[in-house]
Structures are given as C-alpha cells and as structure tokens.
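As the structure lists them, so they are numbered: ligands from 1, and atoms in each ligand from 1. Please read these numbers as outputs of a predicted model, since none were measured by experiment.
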Amino acid sequence: MQKNKFLTLIILLGLILGALITNITYQQVKQHLSERITNDVRQLGEKLDAQLARYSKLPEVLANDPRLLSALMVNAPAVDQYQKTSLLLQEWANSLNADTIYLINRSGDTLAASNWQNEGSFIGQNYAYRPYFQDPMAGKLGQYFALGAHSDKRGYYFSAPIYQLQQIIGVLVIKVDLSLVEDIWQYDQIEYAIADQLGVIFYSSEDSWLYRSLVVLNDEQKQQVFSSRQYGQTKLEPLSDLPRLTEFNQQEISNITIPSINQSEAFLIANHNMEQAGWTIYGFSPINTAYQYVVQALFVFTAFYMLLCLAVMSWFQTFTTKKELAQLNDKLEILVIERTRNLMETNQQLRDTIEQYERSQAELKQTQSELVQAAKLAMLGELSASINHEINQPLAAMRTYAENTRKLLQKNRYEAVASNIDEIVNLNQMVSDIISRFKVFARKTTENNNRTVAADSIRSAVSLLRNKLIKHGVVLRLGELPSELLVRADAVQFEQVLVNLLHNAIQALGDSRSPQIGVQLEPLGDMVEIRIWDNGTGLDDDQKKRIFTPFFTTKNEGLGLGLTISRRIIDSFSGSLTIEDHNTGGAEFVITLPRCTEDA
Ligand code: ADP
C-alpha cells in the first residue's frame, strides 16, 4: 500500500516535472531560435545594405559623365556613337562588377547597354513602364527590384537622370545581380526570403515561395505589381491566410504553405526591415526543430529521472531495511533481556531448589540419625526387658532364700542357713553373669576392639533371646561353633546384628507348628560365613529386593530399619549381609566377615 502510494507520487512528480521541462525547453529553444534567426536576418540585411549602398550612388556619379550626352542628342547621332557608348558602359560594368549598365532616352528606349554584344541585349528595348525609369524622369533617383523583362533574371536596378542644361534627357540604369545573397546566406537550417513592400517574395532559399505573397493581396495591390511587370506572369498566390503584412510581421509563429510539398508548416519567424531598399528580410525556422529539442530534453530528463528514482528507491529500500533490521535488533535485544531474566529466575529457582534439597538432605540425615537412635532405643527397651526377665527369677529366688535364712536363723539352724547363703551367693553370681552378658552392649566401640570370636557373639545373642525362643517353642538348631574363628568386627555391633536377625526370625515364625531356627558358623577362605535361617513365612522376590532399604517393613509396629542398619554395620567391617531362600521355605540370612588370625 505504502509502496503503491510512493510509486504514484513518483510518477505524478515525474509528469509534472516532465511538463515543466517540456515548457521550459520549448520556451528556451524558441527564444534561442528566435534570437538566432533575428540575428541572422539582421546580419544578412546589413550585409545586403552595404552591398547595395556600394551601387546606390554610382548612377548619379556616372550620369554626369559628358560622354553619355552625345548618344542622347536629339538629332540622331551616328550609329558608332551608340556603339562607343555601349563600349563605355561595358567597361564600367566590368570594373564595377555590375550585371548590366544601360542608357535609356526620354522615351524609355534603350540606346546603349553594356550587354550590347549579348543575345538578349537590352538595346532597343523600351522600359518606360518600369519605375526605375519613371522615377529619374521625375527627377528622383531610382531603386527597384524586378525580374528582367527580357532576361528573366532577377536584378536590382539603380538609376539616375541625365541632365543637359537642367533638362532630363535620359536615364542611366545599373542592374545588379542579387546572387550575392546566396553567398552571404550560410545558414542551412533556416529558410530565408526577401519580400517587397507588398509582401511579395522575390528572393528565397525555398524556390517554391518565389513570387508568391506572404499575405493575401487585394486586387489593387495585384494590379500594381502586374502593371510594372515586376515579377513577370506570376499569380501572386498567398502563402498565409493573413490579409495584412503588418499583421504578418508581428507574428512570432505562422503557418506557411510550402507549395513544393503541397502542405503548410509552422515556422518561427523573424524579420529585418531594409529601409533604404524598402524590403523586408524574413528568416523562417521550422518549429519542428524546437520540438526535436523538446523531445531530446524530455528523453534526457526521463533517463535522468528514472536513474534518480532508482537511486531514491534503492536508498529508500536500504533505509527501510535498516529500519526493520534495527527494529528486529531491538526486539531481539528485548527478547534476549527477557530470556536472560527468565534464565536468571530459573537459575535462582534452581539454586533455591538445590538449597532446599540440601536442607532436606540435612533434615533427612538428621531424621535418619534420630531414627537410628530410636531403633537403638527400641533395641535398648528390648534388652532391658530381657535383662529384667533374666534377673527377676534369681532375684526372687534370692529373696526367698533370704527370708528362709532369717527364719532358719531364728530356729538356729545354722547349717541350713549356710546352705541358703551359698545358694544366695550362687544366685548372686548368676545375676552378675547375666548382667555381664549385657555389658557388651554398654561397651564403647573403639578402633582396637575389632577382633571378635564369632562363636562367642553367637552364643551371647542366642542367650539374650533365650526366653523368647522358649516362649515361642522354637527349636534352635545350633551348628558347630569353632572357637578359633576370629572375625574382624566390633563385638557389640556384631552381636547387635545377630540379635536383630534372630529376633526377625522369631517374628517370622509366627504361629508355625514346628518352628525352627538354625545358626551355622564356618570358615570360607579368608572369610568367615555365618548363616541364620528359619522355617517361617519366607520372602517373595519383591520383598527380597526391598528389605535392606530403610523403612521397609511388613510389621504393624516395625520401623523397617533393623536390616538397613545391620547391613551398614557389616559393610563397615568390609563384610556382606545377603538374603537367600532356605529349603524349608523360610528365609536365610548370610553374613560374611573377614577372618583374622589370633596373631593378628
Ligand atoms: P522390622 O523388623 O522393624 O520390620 P527389619 O529391617 O528388621 O525391620 O525387617 C524388615 C522386614 O523384613 C520385616 O518387616 C519382615 O517383613 C522382613 N523380614 C526380616 N527378617 C525376616 C525373616 N527371617 N523372615 C521373613 N521376613 C523377614
């Protein structure tokens, strides 16, 4: 849309400028041509004037020559007198470069002529009808242009009266050939014409204009020309439609007929008035010449304008492209800023998430350690219950023995008292043994304390859970426990693992009819393998995959941490804890621990 408007504007502007240039060029060329032809005709006129001026005084001077008188004497002179005079005239004509010089008597008859020897000699011809004869006879100098009445040659006639005793007795005429105009006129592109006072052309570069009038002549004017036979038998056809010469002379451009091609053409016209001769010189330049210049100028302008338009359009295109590019850049920059901001926000979010994650990790660790602590506490509860249970019986027995002893003392049965006290001491020893078994849980883990007799740990764990085993009627299948097998592990933690596995096994047996738990210990290369199995419910594949992950439990009050902690403990001794299916359908846990020799 914008582009179309722009194009329309360019075309409109081009048309306006074109019209302006056409007008200016036309006016300029017209003015230039007009100046040129005005100049040319003026120059021609001046040159012609100068030429004619050379001859204008001559007849008057020559008419005073007394040698002419003898031929004009009234009484008929001798024939040779005329010949003598003709010779004289011939001499003059040659030296003055005149066409013909001739002598006419009062009657208009030519007595002597410089062309006396030529075929068309003027001698004997009567020129009484010619103005160049009539004017001198009236005492004036004559100047006249005409077509030679006999020679049919164009000529300009200068004449002067010849006096004798103040009487006009004849006329001397000098005819000058006007072919000199052609020598003077050198301008090819301009037509010229010389016309007389009536506007009849008697000299022209265009032959078909000769002896035709520039304007329409009336009958009287025509008669005037015919009577003097100035232009022979011409019909004096007009070359324009105008009736008056003054009007024609004021026209800058006129339509002039060209009879040779039988059509009229518009000409730019300039004229120069030759006052002395009474003629007007016309210069004609075809207006087509101006049109040609206009067409050329228009052509050059169109080419230039088109180039200019192309340059402007290309500049415009570059400008708009640059603008669009700048806009695009701006948009891009905004987009980049937005994206950067988004990215920064996302980064911030990511950082927040990481922080959050780290916090969660820390919280998780905290929770885990808290849970481990809880598991330990649970275990401790379990242990205290066991201790409680273990030592309650001997304590009750000790009290019974003590009460009996007091009674026996009252009865002075000292032997029985001594026996009771022995029993009490034994029971006391027993309690002490029980407590010492639990002491291992209270021992602090140290770096040095990492060599343990595996068999001792197993016995200790079994002993701890003895009551539970009995309560559930479990048959314990304890394999051979070689005491020389030492493992690289902390005794307390190792026992903790064993107690946990045995405890899980008891729970897995549930209401089984013939519940059994087996424990085996044997060396395996430089490792020691402990297997704890039961004939309980066992585990499916999915459960087997998940039991070591924290918080996996199938029990209502289970924590799901026992096996996780156990595996970590065994891992920390560079051993392994795995689960297998036992052939009884129950589960079988396998512990491997690095074996260490007694020396080490
Ligand atoms: P909890 O005893 O608190 O459930 P554990 O980590 O000790 O946690 O045990 C995880 C789970 O493994 C138990 O809930 C139980 O389902 C399964 N499990 C452990 N030992 C045995 C076993 N001997 N026989 C069958 N399932 C067992």
Short N or O distance, Thr564 and ligand 1, threshold 3.5 Å exclusive: no
Proximal ligand 1 atoms for Ala508, defined as those under 4.0 Å from one of its heavy atoms: 22 (C), 23 (N), 24 (N), 25 (C)
Gap between atom CG of Leu427 and atom CG of Asn420 - 0.5 Å precision: 10.0 Å
Residue pair Ser260 / Glu206, side-chain donor-acceptor N/O under 3.5 Å: yes
Minimum-distance protein heavy atom relative to atom 1 (P) of ligand 1: Lys555 NZ, 3.7 Å
Nearest-contact summary for atom 3 (O) of ligand 1 - protein heavy atom, Å: Leu559 N, 2.9 Å
Ser566 and Asn500 side chains, donor-acceptor separation under 3.5 Å: yes
For Gly558, the ligand 1 atoms whose distance to one of its heavy atoms is below 4.0 Å: 3 (O)
Any Phe589 heavy atom less than 4.0 Å from ligand 1: yes
Ring centre gap for Phe248 and Tyr282 strictly below 6.0 Å: yes
Arg546 bridged to Asp542 by N-O distance under 4.0 Å: yes
CZ (Arg513) with more than 12 external heavy atoms under 6.0 Å: no
Derivation and outcome, side chain to side chain contact (heavy atoms under 4.5 Å, CB included), residues Ile24 and Gln27: CA-CA 5 Å; Ile24 291 171; Gln27 294 299 339; 5.8 Å; no
Pairing of Arg531 and Glu522 as salt bridge, 4.0 angstrom limit: no
Gly560 to ligand 1, any heavy atom closer than 4.0 Å: yes
Side-chain donor-acceptor contact under 3.5 Å, Glu529 with Thr592: no
Pick from Leu509, Asn504, Thr553: the one approaching atom 9 (O) of ligand 1 most closely through a non-hydrogen atom: Asn504
Ligand 1 to Thr537 polar contact by distance, N or O atoms, under 3.5 Å: no
Interatomic distance, Asn288 atom CG to Phe267 atom CZ [nearest 0.5 angstrom]: 8.5 Å
Atom indices of ligand 1, in the order listed, that fall short of 4.0 Å to a heavy atom of Ile547: 12 (O)
Closest approach of any protein heavy atom to atom 6 (O) of ligand 1, naming residue and atom: Leu563 N, 2.8 Å
Protein contact to atom 11 (C) of ligand 1 [nearest heavy atom, distance to 0.1 Å]: Phe552 O, 4.0 Å
Per-residue contact class, Asp534 against ligand 1 - non-hydrogen pairs under 4.0 Å: side chain
Residue and atom name of the nearest protein heavy atom (relative to atom 18 (N) of ligand 1), distance in Å to one decimal: Leu539 CD2, 4.3 Å
Atom 14 (O) of ligand 1: the protein heavy-atom neighbour that sits closest, reported with distance to 0.1 Å: Thr554 N, 3.0 Å
